[in-house]
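Proteins come first, then strands; the chains are lettered A, B, ... in the order of their sequence lines, and each starts at number 1.
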Amino acid sequence: MISPDQYSTLANELLSWFATNKRALPWREDYAPYRVWVSEIMLQQTQMERGVAYFQRWMEALPDIMSVAQAHEDTLLKLWEGLGYYSRVRNLHKAAKIIVAEHGGIFPEKYSAIRALPGIGDYTAGAIASIAFNQDVICIDANVERVFSRIFDIDTPVKQKHNMEFIRKTVAAMLPSGHAREFNQALMELGALVCSKKPHCSRCPLQQHCEAYHLGIPHERPVPTPKKGIQHIDVATGFLMHKGKIYIQKRPDFGVWAGFWELPGGAVEEGEAPEQAVVREFMEETEFPVQIEDKILVVKHGYTTYRVTMHCYFLTFAQKHSAEPVLHAATTYQWVSMDELNDVTLPAGHRKLLDHLQNDMRLKPLLQNS
DNA sequence: CATACGTGGCA
DNA sequence: TTGCCAAGTAT
């Protein structure tokens, strides 16, 4: 077991490894607080490669905090479309307004003020305080947890309270004063590039200090928390066509995909066929009587805790009917052309559906009907 | 403390 | 194909 008198040696080896192995990332050019903040929020639960592309596009559109505060939520949502965890961007918007109102538009430097902003938890507050302002503050993410679970061969689920306390305490003891910016990033970078899920011990600068390596079991760490099985659900949805346009509605501003546009639809109930479900859902959500013209396709879409099989149909009104719905599951609605559908923000599953549909020749005659 | 929240890549 | 997970936060 590594002892505290080796901590400074370990930290130095880690720092010199980072100096030559760190990736060139846009926010590492100047460590401007606004850029560090946006990068940290974007990278939460998101892979680096995707995050960087979104970051560049975001910065071109919104170069400073004021521009975020003044932007319309739909603009931000569109820039975030496809990234997932959309409460992050709504919190970013709220936080930008708070920074303008309460901090004169300057990103706050004090840890407690950073931590108090919406969307910023323990990890992100520590990351910004150390990376943007080089304050002696720890930040623990899944990479750091993995690195430490191996160095100290933690043989119980790493998320357990006593393990997390141990990791926090040890990182704090190891952190070289005045070098938190480099040290924290080095720890995370090592976890991302070397001490990854599949470990690459042969190129690890901390190999000598690592207990799991010496035991020959780095791949068995960290011990995961037991998880529940993934649920499967069937969902039915449809394109209702009327006078060459398609019906879409906007979701309420709470819950999943808040403020997103979508096609009406919902879960197929026990003993129900998807064809019945789509007709029922349109009635429940819009009071539109619809009939099925054709089945378009089935799209499968995976989420963290469940898996959706989406059945999609071409629909028309079952009888002559007003184009005005009675909304029960939406805040507003519109009839759009296929082109206009590209400009609204849709959940990824719907977007996937749409991409298949753009090439479907069956669409043309239906859209020309009235 | 458990659970919800999105998505795409990978084995 | 299915299951797991990658720089977490809010409730």
Requested in this report: In whole angstrom, give the distance that lies between atom CD of A/Gln45 and atom P of C/dA10.
Outcome: 13 Å
Query - Value in whole Å for how far the C1' atom of C/dA6 lies from OH of A/Tyr123 - result: 12 Å
Query raised in the report: Taking NZ, NE, NH1 and NH2 as the nitrogens, is one of them in A/Lys78 or A/Glu81 under 4.0 Å from a carboxylate oxygen of the other?
Result: yes
Query raised in the report: Reckon A/Thr124 has a side-chain N or O less than 4.0 Å from the OP1 or OP2 of C/dT9?
Result: yes
Query raised in the report: Within the pair A/Tyr85 and B/dA4, is there a side-chain N or O less than 4.0 Å away from OP1 or OP2?
Result: no
Query raised in the report: Below 4.0 angstrom, N of the basic side chain to O of the carboxylate: do A/Arg280 and A/Glu284 qualify?
Result: yes
**Report entry** Atom-to-atom span, CZ of A/Arg251 to C1' of B/dC5 - whole angstrom
**Finding:** 12 Å
Requested in this report: Specify the separation, in whole Å, of atom CG of A/Leu83 and atom P of C/dT9.
Outcome: 16 Å
Report task. Begin from the C-alpha positions of A/Leu353 and A/Phe239 and carry the test side-chain contact (heavy atoms from CB on, under 4.5 Å) through to its verdict. Result -> CA-CA 11 Å; A/Leu353 190 62; A/Phe239 285 77; 4.0 Å; yes
Report task. Considering only NZ, NE, NH1 and NH2 on the basic side and carboxylate oxygens on the acidic side, decide whether A/Arg251 and A/Glu262 come within less than 4.0 Å. Result -> yes
Nucleotide N/O to protein N/O under 3.5 Å, stretch nucleotides 9-11 of chain B:
none

Query raised in the report: How would you label the contact of A/Met42 with the nucleic acid (heavy atoms, under 4.0 Å): base, sugar-phosphate, or nothing?
Result: nothing
**Report entry** Atom pair distance, as rounded to whole Å: CD1 in A/Ile131 and P in C/dG8
**Finding:** 12 Å
Query raised in the report: Given atom CD1 of A/Ile120 and atom P of C/dA10, what is their separation to the nearest angstrom?
Result: 8 Å
Requested in this report: Tell me whether the centres of the aromatic rings in A/Tyr247 and A/His242 are closer together than 6.0 Å.
Outcome: no
Requested in this report: Could you tell me whether A/Arg221 and A/Glu211 have a side-chain N and a carboxylate O separated by less than 4.0 Å?
Outcome: no
**Report entry** Interatomic distance where CD belongs to A/Glu49 and P belongs to B/dT7 [whole Å]
**Finding:** 19 Å
Query raised in the report: Taking NZ, NE, NH1 and NH2 as the nitrogens, is one of them in A/Asp74 or A/Lys250 under 4.0 Å from a carboxylate oxygen of the other?
Result: yes
Report summary line: Of A/Lys161 and A/Arg90, the one whose closest nucleotide on DNA chain B sits nearer the 5' end is A/Lys161
Requested in this report: Using a heavy-atom cut-off of under 4.0 Å over every strand shown, decide if A/Leu193 touches base, sugar-phosphate, or nothing.
Outcome: nothing
Query - Residue A/Asp141, side-chain heavy atoms: nucleotide from C/dG8, B/dT7, B/dG6 that is nearest - result: C/dG8
